[in-house]
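By convention in this document, chain letters (A, B, ...) are assigned in the order of the sequence lines, proteins followed by strands, and residues within each chain are numbered from 1. These numbers were taken from a predicted model, which means no experiment stands behind them.
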2 protein chains.
Amino acid sequence: MAGDETTARPERIHPACPSAAFPFQLGGKWMGMVILCLADRPRRFTELREAMGGVTAKVLSQTLRDMVRDGLAVRLDFEENPPRVEYELTALGSSLIEVIDAVRAWSERHLDELLRARESSTTAV
Amino acid sequence: MAGDETTARPERIHPACPSAAFPFQLGGKWMGMVILCLADRPRRFTELREAMGGVTAKVLSQTLRDMVRDGLAVRLDFEENPPRVEYELTALGSSLIEVIDAVRAWSERHLDELLRARESSTTAV
DNA sequence: CAGGATCCCATCTGATACTG
DNA sequence: CAGTATCAGATGGGATCCTG
C-alpha cells in the first residue's frame, strides 16, 4: 500500500508490503485489502484470493459475508455451473476508500519513522 | 468519537460511543483512544484510565509501552514519591490524529448507514 | 468454482492479586 | 500512584478436509 501510487492494483498487494506492519485495521485483517481489490471493478471469489496472497477460503468468505452484512459489498450470484459469483462494492463500501487512502498517505510519510523507532527500541533492550 | 465536534475531549469518550461499532482499529483496541486522550496535553496514567472507562491497568500499560516503543509517545517519569508519570504524544504520534479524524469524519457521515444495514441483515436472517 | 465444517493455535483482553 | 505477575476466557486466523 505505502509506496503505491495507484488506488486499486491488487496485483501489487502482497505480504512484503511495508504497511503490513502498520498498526491499523479495518474489520479484521483482510477487509481493507478486499476493499482496495474491489475498488476498480467487481471481482470473483478466486480472483480475490489470488490477488491477496495468503488468505484462506474460509477467512475470505467470512470477510466477504461480514461486508455484505454491513452493506459494504453485494454478492452477485450468476447461478451458473460451474459456480460464478462476483463481489462488488456498494457506495457505502466505496466511501471507505478515502479512509484507507488517509492511512496510506500517513504510511508514506511516517511509517518508516515508526519502524525505525521500533527497531532502535528493540535493539536497545 | 462520531458526533464529537472537538478533537480531544476524553471526558466524552465512553463505551456507549457509536464508533465503538466501527470496524476500525489502530494498534490494538485502545491505542486510538489513547492518542485522542493525549491530543491536547500530557496526562497521567490514572488520568488516562479514568478517562477511558473500562480499561485495566495491565492493558493500558501494555498499550502505552507499545506506543513508546513505536515512537508515538514519551514516558515522563518525575521520580517522585508517590510516583508521578506522564505520557505525552511525540510529533509522530500527533500525526496520527489526522488519520483518526478521517475515520471520525467517515463515521459521522456513514456509520449509521452501516449499522442500519447490519441490523436489517440480522433481523432478516 | 465457491464455499462450508471442523479443529487447532496464537493472540488479545480482562479479572484478580500483588508491589515499589 | 503506577505499575507487574499470573491466570482464564474469548476471539480470530489458519490448516485441512469435504461438498453442491
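- Between dA2(C) and Thr46(A), a contact under 4.0 Å exists linking OP1 or OP2 to a side-chain N or O.
- Residues Val74(B) and Phe78(B) are members of one and the same hydrophobic cluster, defined by side-chain heavy-atom contacts under 4.5 angstrom among Ile, Leu, Val, Met, Phe, Trp and Tyr.
- Ring geometry for Phe24(B) against Phe24(A) counts as perpendicular: the plane angle is over 60°, on a 0 to 90° scale with 30° as the lower cut.
- At dA2(C), one or more side-chain N or O atoms of Arg44(A) fall inside 4.0 Å of OP1 or OP2 (strictly under the cut-off).
- Taking atom CD on Glu86(A) and atom C1' on dC1(C), their separation rounds to 13 Å, with Å as the unit.
- Thr63(A) and Met31(A) make their closest contact through CG2-CA, 3.9 Å (heavy atoms, listed as atom of the first residue, atom of the second, distance).
- Between Met31(B) atom CE and dT11(C) atom P there is a gap of 17 Å when expressed in whole angstrom units.
- Remark: Arg41(B) engages Glu47(B) in a salt bridge, criterion side-chain N to carboxylate O under 4.0 Å.
- Separating the CZ atom of Arg49(B) from the C1' atom of dG3(D) is a distance of 10 Å, rounded to the nearest angstrom.
- Residue Arg84(A) has no polar side-chain atom (N or O) positioned under 4.0 Å from OP1 or OP2 of dA2(C).
- Atom pair Glu50(A):CD and dA2(C):C1' shows a separation of 13 Å (rounding to whole Å applied).
- A salt bridge links Arg43(A) with Asp40(A); the closest basic N to acidic carboxylate O contact falls under 4.0 Å.
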Side chain to side chain donor-acceptor pair (under 3.5 Å) between Ser120(A) and Arg116(A), intermediate numbers included:
CA-CA 6 Å; Ser120(A) 65; Arg116(A) 279 199 310 272; over 6 Å; no

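- Taking every heavy atom of residues 59-81 of chain B and every atom of DNA chain D, pairs under 4.0 Å involve Ser61(B), Arg65(B), Arg75(B), by number.
- Closest to the Pro83(B) side chain, of the nucleotides dG3(D), dC1(D), dG3(C), is dC1(D).
- In this structure, NZ of Lys29(A) is placed 15 Å from C1' of dC12(C), rounded to the nearest angstrom.
- Rounded to whole angstrom, the span from the CZ atom of Arg43(A) across to the C1' atom of dC1(C) amounts to 17 Å.
- The phosphate of dA2(D) has neither OP1 nor OP2 within less than 4.0 Å of any side-chain N or O from Lys58(B).
- Residues Leu89(A) and Ile35(A) share a closest heavy-atom pair of CD1-O, 3.7 Å.
- The nearest whole Å value for the distance from the CH2 atom in Trp30(A) to the C1' atom in dG12(D) is 13 Å.
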